[in-house]
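For reference, the structure is listed below as structure tokens.
Start at 1 with the first residue, then count along the sequence.
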Amino acid sequence: MINIIGLGYIGLPTALMFAKNGLKVVGTDYNSNLVNSLSEGKLTFEEEGLEELFQEAISNGIEFTTEYKKTHTYIIAVPTPYIKESKKLEPKYVISAVNSVLDVCEKGAALIIESTISPGTTDKYIRPEIEKRGYVIGEDVYLLHAPERIIPGNMIYELEYNSRTIGADNLEIGEKVKGLYSNFCNAEIVVTDIRSAEMSKVVENTYRDINIAFANELAKICRTDNMDVYEIIRIANMHPRVNILQPGPGVGGHCISVDPWFLVGDYPDLTNLILTARKINDSMPRHVLGRIRDIMREHDIKDISKVGLYGLAYKENVDDTRESPTLQLLERMDEHLAFGVKVFDPFVKERIVDHQFMNFEDFLNEIEIIVVMVGHDHIKNNRSLIKDKLVLDTKNICEFEGSYKL
């Protein structure tokens with residue numbers, strides 16, 4: 001039996017995938033409301049293909065509980081935020097989960113940490129928790145790190161077709177865990193040491209953050225001299241060795257906007273480029289705020305409540321609002337006493353901010369400026385409805401003359 005700890009965006013799809021492929025799975029989470037909902041057959045977030053996967057897992061006997069189970073295999077997929085003041089990983093949720101596992105696990109159990117952790121976290125925090133109980137790592141318990149590699153909006157596909165990394169002290173045990181993941185992963189699975197697995201995951205997301213920062217800095221440069229950054233990027237990308245990403249209103253989600261800080265926090269004297277990229281990307285909501293101010297001045301609009309932000313999620317076609325650029329922008333507005341801006345997102349079904357609308361047409365009726373913060377298919381399919389508005393298109397998707405860009 002596999003006991004999967006943490007039933008959020010990472011843990012739940014992983015649990016369902018194992019169960020779909022015939023393994024006995026119990027999902028554990030401290031959140032009793034979440035567990036009750038899943039036990040009643042109700043998912044707690046939307047994802048393409050997740051409902052079908054959920055039903056297959058239920059038919060194969062997956063269980064959900066708030067209790068840790070006595071077994072031989074544990075997968076820990078709990079949150080790993082960072083401490084904003086120090087930029088270091090906050091390890092308390094992983095430490096708590098590991099200790100709860102140690103309270104019940106069988107001798108020789110494998111503890112697999114899927115949560116993204118900073119390089120050295122296992123050595124600094126996890127091993128001491130195990131050793132202070134008198135356990136011998138490699139005999140009483142086996143420790144592994146198998147960082148997740150999925151993104152909301154494409155989770156099911158990526159679980160099956162993204163390559164995986166298994167970090168292990170004992171490569172023989174690593175190969176056994178590789179076999180476990182091979183039940184559903186059809187891509188290459190690499191077995192390495194734990195520290196390399198920790199570092200590789202953080203490096204992947206840091207690489208992307210730096211490349212996004214380059215595009216965002218280009219947008220700022222081009223804005224100051226009235227150049228079309230999108231046309232410039234399009235032409236530059238015709239070069240066979242150039243692949244510049246698209247600029248945007250900021251970087252959100254629980255990976256790209258968080259993981260680079262782990263390196264900054266742990267290696268403050270060695271991360272100049274990484275820190276600069278983080279600052280550039282974190283500055284983009286403020287840049288959007290400046291563009292809104294420019295448009296309001298140009299059209300003599302003095303009432304901020306006539307501005308509507310389209311999109312609360314951090315990326316298109318999902319309901320995940322973690323580290324959302326829109327939430328960052330609202331925070332910047334709050335700092336400047338700019339209250340009353342309207343907000344709408346077709347995927348976010350609960351009210352999480354002030355002046356949030358649940359109906360798109362009602363939202364449009366109340367605003368003069370619409371700021372497209374997220375490129376949902378919904379807005380692409382309803383472009384005709386916003387043609388009479390002043391449009392700040394931070395995602396470059398509206399494709400009609402007269403819209404403002406970053």
Side-chain angles (χ1 to χ4, degrees), residues 45-46 48 152-153 212 215-216 219 223 229-230 246-253 257 281 284-296 298-299 301 303-334 336 338-406:
F45 62 91
E46 295 181 9
E48 184 177 353
I212 294 169
N216 284 335
R223 173 54 46 201
V229 67
Y230 303 100
Q246 294 294 301
V251 175
S257 64
N281 289 335
M284 290 309 292
R286 193 176 298 277
H287 178 72
V288 174
L289 181 57
R291 295 292 292 131
I292 294 171
R293 183 185 62 241
D294 293 342
I295 297 168
M296 291 181 70
E298 182 181 338
H299 294 273
I301 297 172
D303 185 355
I304 192 67
S305 69
K306 294 300 181 181
V307 175
L309 305 179
Y310 177 92
L312 269 167
Y314 86 88
K315 69 183 293 286
E316 68 278 359
N317 302 325
V318 301
D319 62 358
D320 190 347
T321 62
R322 290 177 296 174
E323 310 294 330
S324 156
T326 301
L327 294 178
Q328 296 175 46
L329 176 56
L330 290 171
E331 187 176 337
R332 298 290 85 76
M333 287 182 160
D334 186 62
H336 293 275
F339 305 120
V341 64
K342 308 294 194 300
V343 184
F344 173 78
D345 192 305
F347 285 86
V348 180
K349 307 299 185 184
E350 296 183 6
R351 296 185 189 276
I352 62 173
V353 296
D354 294 335
H355 310 292
Q356 180 181 346
F357 283 67
M358 296 298 157
N359 180 277
F360 187 47
E361 292 187 1
D362 291 344
F363 168 70
L364 292 178
N365 288 336
E366 295 290 326
I367 63 174
E368 295 180 35
I369 301 172
I370 180 170
V371 184
V372 180
M373 296 288 288
V374 186
H376 292 315
D377 287 345
H378 170 272
I379 193 68
K380 296 175 185 177
N381 296 332
N382 288 280
R383 282 185 283 241
S384 61
L385 298 180
I386 64 173
K387 281 192 174 183
D388 64 335
K389 305 295 179 183
L390 297 167
V391 180
L392 173 53
D393 183 8
T394 75
K395 306 300 289 186
N396 195 37
I397 60 169
C398 288
E399 298 177 353
F400 55 78
E401 189 175 346
S403 61
Y404 292 86
K405 307 296 184 182
L406 278 176

Between side-chain atoms of residues 359-368 and protein atoms elsewhere (two or more places apart, or another chain), which donor-acceptor pairs fall under 3.5 Å?
{"residue": "Asn359", "atom": "OD1", "partner": "Glu361", "partner atom": "N", "Å": "3.0"}
{"residue": "Asn359", "atom": "OD1", "partner": "Asp362", "partner atom": "N", "Å": "2.9"}
{"residue": "Asn365", "atom": "ND2", "partner": "Glu361", "partner atom": "O", "Å": "3.2"}

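For the ring-ring contact (aromatic ring centres under 6.0 Å, His included) test, residues two or more places apart in sequence or in another chain that qualify with Phe45 are Tyr9. His376 meets the side-chain hydrogen bond (donor to acceptor under 3.5 Å, both in side chains) test with Asp345; sequence neighbours excluded. Legend: residues meeting side-chain hydrogen bond (donor to acceptor under 3.5 Å, both in side chains) with Arg322, ordered by chain and number and at least two apart, are Asp320. For Arg351, the side chain to side chain contact (heavy atoms under 4.5 Å, CB included) partners at least two apart in sequence or on another chain are Gln356, Met358. Under the salt bridge (Lys or Arg N to Asp or Glu O under 4.0 Å) criterion, Asp294 pairs with Arg291, not counting sequence neighbours. With sequence neighbours excluded, the residues satisfying side-chain hydrogen bond (donor to acceptor under 3.5 Å, both in side chains) with Asn281 are Asp209, Asn216. Residues passing the ring-ring contact (aromatic ring centres under 6.0 Å, His included) test with His355: none are found, sequence neighbours excluded. Arg383 meets the salt bridge (Lys or Arg N to Asp or Glu O under 4.0 Å) test with Glu399; sequence neighbours excluded. A search for salt bridge (Lys or Arg N to Asp or Glu O under 4.0 Å) contacts involving Lys405 returns Asp393, not counting sequence neighbours. Every side-chain hydrogen bond (donor to acceptor under 3.5 Å, both in side chains) that Asp377 has, sequence neighbours left out, goes to Asn317. Annotation: side chain to side chain contact (heavy atoms under 4.5 Å, CB included) contacts of Glu48 (sequence neighbours excluded): none.
Using a distance-only test at 3.5 Å, with no hydrogens or angles considered, a donor-acceptor pair links the side chain of Lys315 to the main chain of Pro152. The main-chain N or O of Leu312 is found under 3.5 Å from a side-chain atom of Ser324 such that the two form a donor-acceptor pair. Looking only at distances, no side-chain donor or acceptor of Thr394 sits under 3.5 Å from a matching main-chain atom of Gly248.
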### Task
Could you check His378 against Phe347 for ring pair (Phe, Tyr, Trp, His ring centres under 6.0 Å), going step by step and ending with a plain yes or no?
CA-CA 9 Å; His378 170 272; Phe347 285 86; 8.2 Å; no
